[in-house]
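Hydrogens, waters and symmetry mates play no part in the numbers below; they use all other heavy atoms, side chains included. Atoms within each ligand, like the ligands themselves, are counted from 1 in listed order. A quick note: this is a predicted structure, and the numbers were derived from the prediction, not measured.
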Amino acid sequence: MTATLTPRPDASARPARPVRRIGLVGWGAIGRVVGTALAEGHIPGAELTCIIDNRPLVDAPAPQLSFEDALTVCDLIVEAAGQAVVREWAERVLNSGADLLIASTGALVDPELTGRLRAAGPGRVYFTGGAVGGLDLLQAVRGLGPLTSVTLTTTKLPATLHQPWMDAELTERLRTTTEPVEVMRGTARDVPVKFPKSTNVAASVALATGDPALVQVVVVADPAATLTRHVIEAAGPHGTYRFEVAHRPDEANPATSQVVPHAVLRSLGAVVGRAGQIL
Ligand SMILES: NC(=O)C1=CN([C@@H]2O[C@H](COP(=O)(O)OP(=O)(O)OC[C@H]3O[C@@H](n4cnc5c(N)ncnc54)[C@H](OP(=O)(O)O)[C@@H]3O)[C@@H](O)[C@H]2O)C=CC1
Ligand SMILES: O=C([O-])CC(=O)C(=O)O
């Protein structure tokens, strides 16, 4: 085929990419590490413009703003606060024109919300792989056709899995067990809602593999789990896949693995990346 193609404008004539103005939601286990790294200039092309958090902050390296005010000054919001924030704010962020990077992926198993987010804009929505790996490969495998089975087994310290909806017997079992206890078995549609601060990974696997109902999730409380474990096993006509990670939990918030803020920074680096980096 022959075609007459217009030459690309000279690079020097193109405007330089503006530094992205980041609004960080959540100054907790994830947010403090992300915000400190941003304030120290570790992510080329991104500056920490403001922080949004429920509590008054005394030690923050950027001004604390309300969500409404943040949307008037930021062009990329990084969510590290919780699923409720995604439900309440994601659509407004995108409609304001800002992009959104989500850590609390569990909110995204709700098809009504994801439908609204797909229709919103001009902002774009991104999610971080967070505590699990292999998602890029699982996304690529979908190009070959659907997977036939996906399982995630998450094992954590019992205290990080206790939930207000649990009955007295299960609560006591989690408090006293000396052995692993299976606390829930379900799909990625159901599990992240039941453990909103500790099984977002199930939703992340579902986002990568394309169907929350296909992802079988087993949640295990193990008093010996000084490392948090996530095992993803998937199979389809084109191959079989297994990814296993074991993370040291954050000291202040052991529901969250220490690696997660660094996964957020890695995702952010890819979104805002500059010439001079291999992305
Ligand atoms: N994708 C993944 O692999 C992972 C995702 N996550 C997600 O990230 C979230 C944050 O994790 P982590 O940093 O460990 O949690 P933390 O509880 O340590 O910190 C969350 C911070 O956000 C604040 N916050 C909560 N709701 C709001 C709100 N509506 N507006 C402003 N601030 C708010 C909290 O304040 P307060 O305490 O007053 O509510 C707290 O300061 C988790 O809830 C989970 O959903 C976590 C781990 C892994
Ligand atoms: O940090 C982790 O290991 C996983 C986690 O809390 C989550 O997925 O919500």
**Student:** Relative to ligand 2, is T154 under 4.0 angstrom through side chain, backbone, both or neither, heavy atoms considered?
**Tutor:**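 The answer is neither.
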**Student:** Tell me, please, which residues at least two apart from R20 pass side chain to side chain donor-acceptor pair (under 3.5 Å).
**Tutor:** D75, D99
**Student:** Counting only N and O atoms by type, is there a donor-acceptor contact under 3.5 Å from the side chain of T114 to the main-chain atoms of P111?
**Tutor:** yes
**Student:** Going by the order shown, which atoms of ligand 2 are within less than 4.0 Å of some heavy atom of S198?
**Tutor:**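 Here the atoms of ligand 2 in question are 5 (C), 6 (O), 7 (C), 8 (O), 9 (O).
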**Student:** Please give me the minimum heavy-atom distance between L265 and A37, naming the atom from each residue.
**Tutor:** CD1-CB, 3.6 Å
**Student:** Tell me whether E79 contacts the main-chain N or O of G82 through its side chain, where contact means a donor paired with an acceptor under 3.5 Å.
**Tutor:**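 Side chain of E79 to backbone of G82, a donor-acceptor pair under 3.5 Å: yes, one is there.
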**Student:** With a 4.0 Å heavy-atom cut-off (strictly under), which part of K156 contacts ligand 2: side chain, backbone, both or neither?
**Tutor:**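 Just the side chain.
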**Student:** At under 4.0 Å between heavy atoms, which part of N200 makes contact with ligand 2: side chain, backbone, both or neither?
**Tutor:**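 It is both backbone and side chain that touch ligand 2.
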**Student:** For ligand 2, which atoms sit closer than 4.0 Å to a heavy atom of A131?
**Tutor:**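 Selected atoms, number and element: 1 (O), 2 (C), 3 (O), 4 (C).
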**Student:** Looking at R87 and L113, would you say the former's side chain and the latter's main chain have a donor-acceptor pair under 3.5 Å?
**Tutor:**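 No; judged by distance alone, with no hydrogens or angles, the pair does not exist.
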**Student:** So, the side chain of H247 versus the backbone of A131: is there a donor-acceptor pair under 3.5 Å, distance only?
**Tutor:** yes
**Student:** Compute the minimum heavy-atom distance from A255 to ligand 2 and say whether it is under 4.0 Å.
**Tutor:** yes
**Student:** Can you list every protein residue that has a heavy atom under 4.0 Å from any atom of ligand 1, sorted by chain and residue number?
**Tutor:**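 Residue list for ligand 1: G26, W27, G28, A29, I30, D53, N54, R55, A80, A81, G82, V85, A103, S104, G130, A131, P196, K197, N200, V201, N253, T256, V260.
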**Student:** In terms of the angle between their ring planes, are W165 and F195 parallel, tilted or perpendicular, with boundaries placed at 30° and 60°?
**Tutor:**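 The rings of W165 and F195 stand perpendicular, inter-plane angle above 60°.
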**Student:** I'd like to check which ligand 2 atoms, numbered from 1 as shown, lie under 4.0 Å from a non-hydrogen atom of T256.
**Tutor:** 1 (O)
**Student:** For ligand 2, which atoms, with element, lie under 4.0 Å from some heavy atom of K197?
**Tutor:** 6 (O), 9 (O)
**Student:** Does any N or O in the side chain of K156 come within less than 3.5 Å of the main-chain N or O of A255, such that one atom is a donor and the other an acceptor?
**Tutor:**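 Yes.
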**Student:** Which residue supplies the protein heavy atom nearest to atom 3 (O) of ligand 2, what is that atom called, and how far is it?
**Tutor:** S257 OG, 2.6 Å
**Student:** Under 3.5 Å, is there a donor-acceptor pair between the S198 and T160 side chains?
**Tutor:**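 Absent: no donor and acceptor within the cut-off.
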**Student:** Do you know which two heavy atoms are closest between V109 and A203, and how far apart they sit?
**Tutor:** CG1-CB, 3.6 Å
**Student:** So for ligand 2, is P196 a polar contact partner (N or O within less than 3.5 Å, distance only)?
**Tutor:**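 No, no N or O pair falls under 3.5 Å.
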**Student:** Show which atoms of ligand 2 fall inside a sub-4.0 Å distance from at least one heavy-atom site of T228.
**Tutor:** 3 (O)
**Student:** Would a distance-only check, ignoring hydrogens and angles, find a side-chain to backbone donor-acceptor pair under 3.5 Å from D53 to W27?
**Tutor:**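 Yes; judged by distance alone, with no hydrogens or angles, the pair exists.
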**Student:** Which ligand 2 atoms are under 4.0 Å away from a heavy-atom of V260?
**Tutor:**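 Close to V260: 1 (O).
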**Student:** Under 4.0 Å from any heavy atom of H230, which atoms of ligand 2 are there?
**Tutor:** 2 (C), 3 (O), 4 (C)
**Student:** Do NZ/NE/NH1/NH2 and the carboxylate oxygens of E169 and R173 come within less than 4.0 Å?
**Tutor:** no
